[in-house]
Student: 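Submitted below is the structure of interest, expressed as structure tokens.
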There are 2 protein chains.
Amino acid sequence: MTWEDRSGRIDHAAPLLLWSQVAGDMRADIVSGRLASGVRVPSELALAEIYGVARVTVHRAIAELVSENLLTVVRGRGTFVALSS
Amino acid sequence: MTWEDRSGRIDHAAPLLLWSQVAGDMRADIVSGRLASGVRVPSELALAEIYGVARVTVHRAIAELVSENLLTVVRGRGTFVALSS
DNA sequence: GATGATTTGTGCGTATGTATC
DNA sequence: CGATACATACGCACAAATCAT
């Protein structure tokens, strides 16, 4: 799994909310298995740079995926792909 | 001090500006002493939900009370009832 | 054990676009 | 058109938990 620049996948002028676009992009990698269970994803700050959005926007996207049981967050440690996915 | 739903105290059709109505409602709690000095008030987002208005509207109301030395704002921490009140 | 860096949690400050009157 | 209000998003700041040194 590579985490290079993904800013091109985000359309700041699209009707879809930014955090929804980020969540959708990350969700695709999880459900496809490209992101294996238990793997740690980059920090919110790193993801913000990767997607070219604000950290708060990434935070909302992660919160959405957590509510879908696709991600697990541990304060002070990081964010991980959920085990049950 | 309770912070339950206060949307009924705001009249969106009244001639008074919304932020002025919110400021007036909060001011009453401060000058009466129901809100003690140093106490932290709910976040702007929480107050927005409590009053049923936008966060920006609460922000303006707080700015008004700050100018009256009734509230003190600490960026990154929250909003508190001024000590000298 | 202590200290500082990292990471998430959350708050305020502000800008932009849109809707309504 | 201008004023008010709302939603979204970005930026910066502080708190708390964790980890490396």
Side-chain angles (χ1 to χ4, degrees), chain A residues 3 5-26 30 35 38-82, chain B residues 3 5-26 30 35 38-82:
Chain A
W3 289 102
D5 176 49
R6 295 189 172 191
S7 59
R9 305 183 186 182
I10 305 300
D11 182 0
H12 289 249
L16 265 177
L17 300 185
L18 285 188
W19 66 261
S20 178
Q21 295 182 47
V22 173
D25 191 78
M26 294 181 69
I30 298 174
L35 271 177
V39 167
R40 181 176 175 283
V41 302
S43 71
E44 295 184 351
L45 193 59
L47 287 171
E49 295 174 354
I50 289 168
Y51 282 102
V53 299
R55 194 198 131 196
V56 176
T57 301
V58 171
H59 188 70
R60 287 183 185 173
I62 290 176
E64 167 64 23
L65 298 180
V66 166
S67 73
E68 299 174 9
N69 293 313
L70 293 178
L71 288 178
T72 301
V73 176
V74 183
R75 184 175 182 176
R77 288 193 58 206
T79 302
F80 308 82
V81 178
Chain B
W3 288 102
D5 177 49
R6 296 190 170 189
S7 59
R9 305 184 187 182
I10 305 300
D11 182 0
H12 288 250
L16 263 178
L17 300 185
L18 286 188
W19 66 262
S20 178
Q21 294 181 49
V22 174
D25 191 77
M26 295 182 68
I30 298 174
L35 271 177
V39 168
R40 183 177 173 285
V41 303
S43 71
E44 295 184 350
L45 190 60
L47 287 171
E49 295 174 355
I50 289 169
Y51 282 102
V53 299
R55 192 198 132 195
V56 177
T57 301
V58 171
H59 187 70
R60 288 182 185 172
I62 289 176
E64 167 62 24
L65 298 180
V66 167
S67 75
E68 299 174 8
N69 293 312
L70 293 178
L71 288 178
T72 302
V73 175
V74 182
R75 185 173 180 177
R77 289 192 57 206
T79 303
F80 307 81
V81 178

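Worth saying up front: this structure is predicted, and the values here are computed from it rather than measured. In the text below, chain A, chain B and the rest are named by the order of the sequence lines, each starting its count at 1.
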Student: Provide the full list of salt bridge (charged side-chain N to carboxylate O under 4.0 Å, His left out) pairs with a residue in residues 69-82 of chain B, sequence neighbours left out, each pair given once.
Tutor: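 Non-adjacent pairs meeting salt bridge (charged side-chain N to carboxylate O under 4.0 Å, His left out): zero.
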
Student: Where each residue is assigned the nucleotide of DNA chain D containing its nearest heavy atom, which of A:V53 and B:W19 is assigned the position nearer the 5′ end?
Tutor: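 Comparing both residues, the 5'-ward one is B:W19.
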
Student: Could you state the OH-P distance from B:Y51 to D:dA5, rounded to the nearest angstrom?
Tutor: 15 Å

Student: Please tabulate, for the side chains in residues 7-15 of chain B, all donor-acceptor contacts under 3.5 angstrom to protein atoms that are two or more places apart in sequence or on a different chain.
Tutor:
residue, atom, partner, partner atom, Å
B:S7, OG, B:D5, OD1, 2.8
B:S7, OG, B:D5, OD2, 3.1
B:R9, NH1, B:D25, OD1, 3.1
B:R9, NH1, B:D25, OD2, 3.0
B:D11, OD1, B:A13, N, 2.9
B:D11, OD1, B:A14, N, 3.4

Student: If you walk 5' to 3' along DNA chain C, what is the first nucleotide with an atom under 4.0 Å of a heavy atom in chain A, and what is the last?
Tutor: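 First and last nucleotides in contact are C:dT7 to C:dT10.
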
Student: Mind checking what makes side-chain hydrogen bond (donor to acceptor under 3.5 Å, both in side chains) contact with A:E68, not counting sequence neighbours?
Tutor: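 For A:E68 the side-chain hydrogen bond (donor to acceptor under 3.5 Å, both in side chains) partners, ignoring immediate neighbours, are A:R27.
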
Student: Atom CD of B:E44 to atom P of D:dA7: distance rounded to whole Å?
Tutor: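 To the nearest whole Å, that distance equals 15 Å.
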
Student: Can you list, pair by pair, the side-chain donor-acceptor contacts under 3.5 Å of residues 56-64 of chain A, counting residues two or more places apart and other chains?
Tutor:
residue, atom, partner, partner atom, Å
A:H59, ND1, A:E44, OE1, 3.4
A:H59, ND1, A:E44, OE2, 2.7

Student: Taking DNA chain C as the partner, which of residues 54-62 of chain B come within under 4.0 angstrom of it by heavy atom?
Tutor: B:R55, B:H59

Student: Rounded to whole angstroms, how far apart are CD on A:E64 and P on D:dA9?
Tutor: 13 Å

Student: Shortest non-hydrogen contact from A:I50 to A:P42?
Tutor: CD1-CG, 4.2 Å

Student: Can you check the B:L45 CG to D:dC10 C1' distance for me, whole Å?
Tutor: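 It works out to 16 Å between those atoms.
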
Student: Show me the protein contacts with nucleotides 16-20 of chain D, counting only N or O atoms at under 3.5 Å.
Tutor:
residue, atom, partner, partner atom, Å
D:dA16, O4', A:R75, NH2, 2.7
D:dC19, OP1, A:R77, NE, 3.0

Student: Work out which heavy atom in A:A54 is nearest to a heavy atom in A:A48; give both atom names and the distance.
Tutor: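 Heavy-atom minimum between the residues: C-CB, 3.9 Å.
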
Student: So among B:R6, B:R55, B:M26, which one has a side chain to side chain contact (heavy atoms under 4.5 Å, CB included) with B:L47?
Tutor: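 For B:L47, the side chain to side chain contact (heavy atoms under 4.5 Å, CB included) check succeeds only for B:M26.
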
Student: Which residues within residues 5-17 of chain A lie with some heavy atom under 4.0 Å of an atom in DNA chain D?
Tutor: A:H12, A:L17

